[in-house]
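First comes the structure, then the notes that go with it.
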Amino acid sequence: MTEAQFRVTADADGEPVVVASGDIDLANVNDFQAVMTDAAAGTPALTVDLTALTYCDSAAVRALFAVAAMTEVTMLVRTNGPIKTLLAISGLDRVAAVVDRD
């Protein structure tokens with residue numbers, strides 16, 4: 001298991017970007033959700049960069065659904081990989097934008 005790290009940066013327009021790396025599961029999902037919720041406060045859109053994520057479970061998917069209910073969410077994912085597949089299977093790709101990155 002790879003220790004998860006979450007940080008907030010900004011895109012070229014100054015909008016917040018939450019960058020997640022490592023593994024997200026029940027042990028650290030509250031931290032992930034808190035970082036996303038704080039970053040989304042007062043902004044109409046949030047980007048969540050999941051390209052360095054190695055694993056996430058259903059708890060992480062629920063956290064992403066929760067933030068997508070608060071604001072417009074764009075998720076950056078690797079073109080081929082289990083995270084993109086998980087987002088599609090869960091239906092999260094129908095409530096938030098999923099953008100392929102390599």
Side-chain angles (χ1 to χ4, degrees):
M1 174 182 249
T2 305
E3 184 177 338
Q5 294 183 7
F6 314 116
R7 62 186 171 87
V8 179
T9 64
D11 65 15
D13 296 324
E15 297 295 326
V17 178
V18 173
V19 180
S21 62
D23 297 349
I24 303 175
D25 57 20
L26 195 55
N28 58 17
V29 72
N30 290 337
D31 295 336
F32 179 52
Q33 187 159 356
V35 168
M36 289 190 299
T37 300
D38 289 348
T43 186
L46 177 68
T47 298
V48 182
D49 184 343
L50 304 173
T51 57
L53 204 61
T54 52
Y55 171 82
C56 71
D57 65 8
S58 60
V61 171
R62 281 192 305 275
L64 287 162
F65 267 112
V67 78
M70 296 172 25
T71 191
E72 181 181 329
V73 174
T74 299
M75 294 173 288
L76 308 178
V77 297
R78 291 186 183 192
T79 303
N80 296 309
I83 305 302
K84 183 176 180 178
T85 302
L86 179 62
L87 298 178
I89 289 170
S90 70
L92 193 52
D93 63 344
R94 291 189 292 272
V95 298
V98 177
V99 178
D100 292 343
R101 292 283 167 95
D102 285 323

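All residue numbers refer to positions in the sequence shown, counting from 1.
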Membership question, hydrophobic clusters at under 4.5 Å side-chain separation (ILVMFWY): are [Y] and [X] in the same one?
X     : Y     : result
Val19 : Val35 : no
Val8  : Leu76 : no
Val67 : Val17 : no

Short side-chain to backbone donor-acceptor contact, [X] and [Y], under 3.5 Å:
X     : Y     : answer
Asp11 : Gly14 : yes
Arg78 : Thr51 : yes
Thr71 : Thr43 : yes
Asp57 : Asp23 : no

Please report the interatomic distance [atom1]([X]) to [atom2]([Y]), rounded to the nearest 0.5 Å.
X     : Y     : atom1 : atom2 : result
Asp49 : Thr74 : CG    : OG1   : 11.5 Å
Asp25 : Tyr55 : CG    : OH    : 6.5 Å
Leu50 : Ser21 : CG    : OG    : 10.5 Å
Ser58 : Ile24 : OG    : CD1   : 12.0 Å

Indicate the atoms forming the closest heavy-atom contact of Pro16 with Ala39, along with that distance. CG-O, 3.4 Å
For residues Leu46 and Met36, report the shortest heavy-atom separation together with the two atoms involved. CD2-O, 3.7 Å
Could you tabulate the donor-acceptor pairs under 3.5 Å formed by side-chain atoms of residues 81-93, not counting sequence neighbours?
{"unit_1": "Lys84", "atom_1": "NZ", "unit_2": "Asp100", "atom_2": "OD1", "d": "2.9"}
{"unit_1": "Lys84", "atom_1": "NZ", "unit_2": "Asp100", "atom_2": "OD2", "d": "2.9"}
{"unit_1": "Thr85", "atom_1": "OG1", "unit_2": "Gly81", "atom_2": "O", "d": "3.2"}
{"unit_1": "Ser90", "atom_1": "OG", "unit_2": "Leu86", "atom_2": "O", "d": "3.2"}
{"unit_1": "Ser90", "atom_1": "OG", "unit_2": "Leu87", "atom_2": "O", "d": "3.0"}
{"unit_1": "Ser90", "atom_1": "OG", "unit_2": "Leu92", "atom_2": "N", "d": "3.2"}

Using the test side-chain contact (heavy atoms from CB on, under 4.5 Å), find all partners of Asp38 that sit at least two apart in sequence or belong to another chain. none
Report, as yes or no, whether the 6.0 Å neighbourhood of atom CD on Glu15 holds more than 12 heavy atoms from other residues, nucleotides or ligands. yes
Can you check whether Phe32 reaches Leu53 side chain to side chain, under 4.5 Å on heavy atoms? no
Using a 4.5 Å cut-off on heavy atoms from C-beta on, say whether the side chain of Met75 contacts that of Val99. no
